[in-house]
Amino acid sequence: MWGLMVVGELVRYPSECEVCGAMAECVGGEGLVGGQVHWDITRSCAVCGMYIACGRSDVPGDLRERLLAEHGPARLQLRDPSTSAVVVMKVMRSELGLDPIQAKAMVQRIRAGTHTGTLTEMEFLAHRLRQAGVQASTGRP
């Protein structure tokens, strides 16, 4: 069973305060919460005291890009080269809503070691594959 946060990464960056225009500190992160990918961003301004926190499941593209730039991409790995492509395709279709052609292409990228994303995204998929009996792990290229 999933804990509150199994894996996650954070980035810190400046952003203009929506209240006073000064530079505010932002902390954005992505993690696995309750078995799902979740993100949170907090903004705090030392000048006016503004504090905002928000989060949900669909990670904003700019936060995802910041995470990839700071931490680097992670990749999904199949530990057994003879793993059935059908099982992997079934998981990818179920979790990502891919059609059969897209799922087949993803399996090829996974086998080639070129399917990458944030550590949280890859760990989510690795966990789902392990639940389906596939020996999967994550790592940095």
Side-chain angles (χ1 to χ4, degrees), residues 1-81 83-141:
M1 178 146 191
W2 289 93
L4 181 59
M5 172 99 72
V6 175
V7 65
E9 294 179 318
L10 298 173
V11 291
R12 295 181 186 280
Y13 56 96
S15 177
E16 186 177 321
C17 175
E18 295 89 353
V19 176
C20 71
M23 275 290 137
E25 179 184 54
C26 295
V27 178
E30 179 184 53
L32 293 175
V33 178
Q36 298 297 318
V37 176
H38 183 82
W39 67 271
D40 290 293
I41 295 176
T42 61
R43 285 190 185 98
S44 59
C45 180
V47 175
C48 72
M50 177 276 306
Y51 180 83
I52 298 173
C54 60
R56 57 179 196 252
S57 60
D58 55 325
V59 179
D62 63 328
L63 175 57
R64 184 177 187 276
E65 293 308 313
R66 285 181 190 276
L67 288 165
L68 288 168
E70 186 166 319
H71 298 285
R75 76 174 161 209
L76 181 59
Q77 302 165 329
L78 300 178
R79 298 175 137 214
D80 181 358
T83 298
S84 168
V86 173
V87 175
V88 177
M89 286 175 60
K90 182 178 177 184
V91 171
M92 296 304 126
R93 291 189 69 202
S94 171
E95 295 304 326
L96 302 176
L98 303 179
D99 66 36
I101 293 169
Q102 293 169 321
K104 183 177 180 180
M106 180 174 277
V107 170
Q108 291 170 343
R109 288 191 309 273
I110 293 168
R111 287 190 192 279
T114 60
H115 180 68
T116 62
T118 66
L119 179 62
T120 303
E121 292 166 346
M122 296 301 101
E123 187 55 42
F124 170 77
L125 293 175
H127 179 75
R128 292 297 194 239
L129 286 167
R130 289 189 296 266
Q131 286 180 319
V134 174
Q135 295 180 12
S137 62
T138 60
R140 300 277 188 204

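Counting begins at 1 with the first residue of the sequence.
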Student: So do the side chains of Q102 and L96 get within less than 4.5 Å of each other, counting heavy atoms only?
Tutor: no

Student: With a 4.5 Å limit on heavy-atom distance, are the side chains of Q135 and T83 in contact?
Tutor: no

Student: When you measure from the side chain of R128 to the backbone of E95, do you find a donor-acceptor pair of N or O atoms at a distance under 3.5 Å?
Tutor: no

Student: Nearest 0.5 Å, please: how far is OG in S15 from CE in M23?
Tutor: 6.5 Å

Student: Considering non-hydrogen atoms only, spot the tightest contact between H71 and L10 and give its length.
Tutor: NE2-O, 2.7 Å

Student: Just jot down the side-chain hydrogen bond (donor to acceptor under 3.5 Å, both in side chains) partners of D99, sequence neighbours excluded, or say none.
Tutor: none

Student: What distance separates L119 CG from R140 CZ, expressed to the nearest 0.5 Å?
Tutor: 5.0 Å

Student: Working to the nearest 0.5 Å, report the span between CE of M122 and OG of S137.
Tutor: 12.0 Å

Student: Is V19 close to V47 at the side-chain level, that is, under 4.5 Å between some pair of heavy atoms?
Tutor: no

Student: Do you know which two heavy atoms are closest between A24 and M50, and how far apart they sit?
Tutor: CB-CE, 4.3 Å

Student: Is it the case that the side chain of R75 and the backbone of I110 share a donor-acceptor pair, with hydrogens and angles ignored and the cut-off at 3.5 Å?
Tutor: no

Student: Nearest 0.5 Å please: distance from the CG atom of L32 over to the CZ atom of F124.
Tutor: 8.0 Å

Student: Might you work through the side chain to side chain contact (heavy atoms under 4.5 Å, CB included) test for V91 and L125, ending with a clear yes or no?
Tutor: CA-CA 8 Å; V91 171; L125 293 175; 5.5 Å; no

Student: Looking at R93 and L98, would you say the former's side chain and the latter's main chain have a donor-acceptor pair under 3.5 Å?
Tutor: yes

Student: Charged N to carboxylate O below 4.0 Å: is that the case for E123 and R130?
Tutor: yes

Student: To the nearest 0.5 Å, how far apart are CD in E70 and CZ in R12?
Tutor: 9.5 Å

Student: For a quick check under 3.5 Å, do Q131 and H127 share a side-chain donor-acceptor pair by atom type?
Tutor: yes

Student: As an exercise, state the distance from OG1 of T120 to CZ of R64, rounded to the nearest 0.5 Å.
Tutor: 10.5 Å

Student: Report yes if the side chains of L76 and L129 come closer than 4.5 Å at any heavy-atom pair, otherwise no.
Tutor: yes

Student: For the residue pair R111 and P81, what are the closest heavy atoms and their distance?
Tutor: NH1-O, 2.9 Å

Student: Compare every heavy atom of G28 with every heavy atom of Y13, then report the nearest pair and how far apart it is.
Tutor: CE2-N, 4.2 Å

Student: Might you point out which heavy atoms bring Y51 and S44 nearest each other, and give the distance in Å?
Tutor: CD1-CB, 3.8 Å

Student: Flag yes if more than 12 heavy atoms outside R79 fall under 6.0 Å of its CZ atom; otherwise flag no.
Tutor: no

Student: Would you name the heavy atoms of L68 and P73 that are closest together and state the gap between them?
Tutor: CD2-CA, 3.8 Å

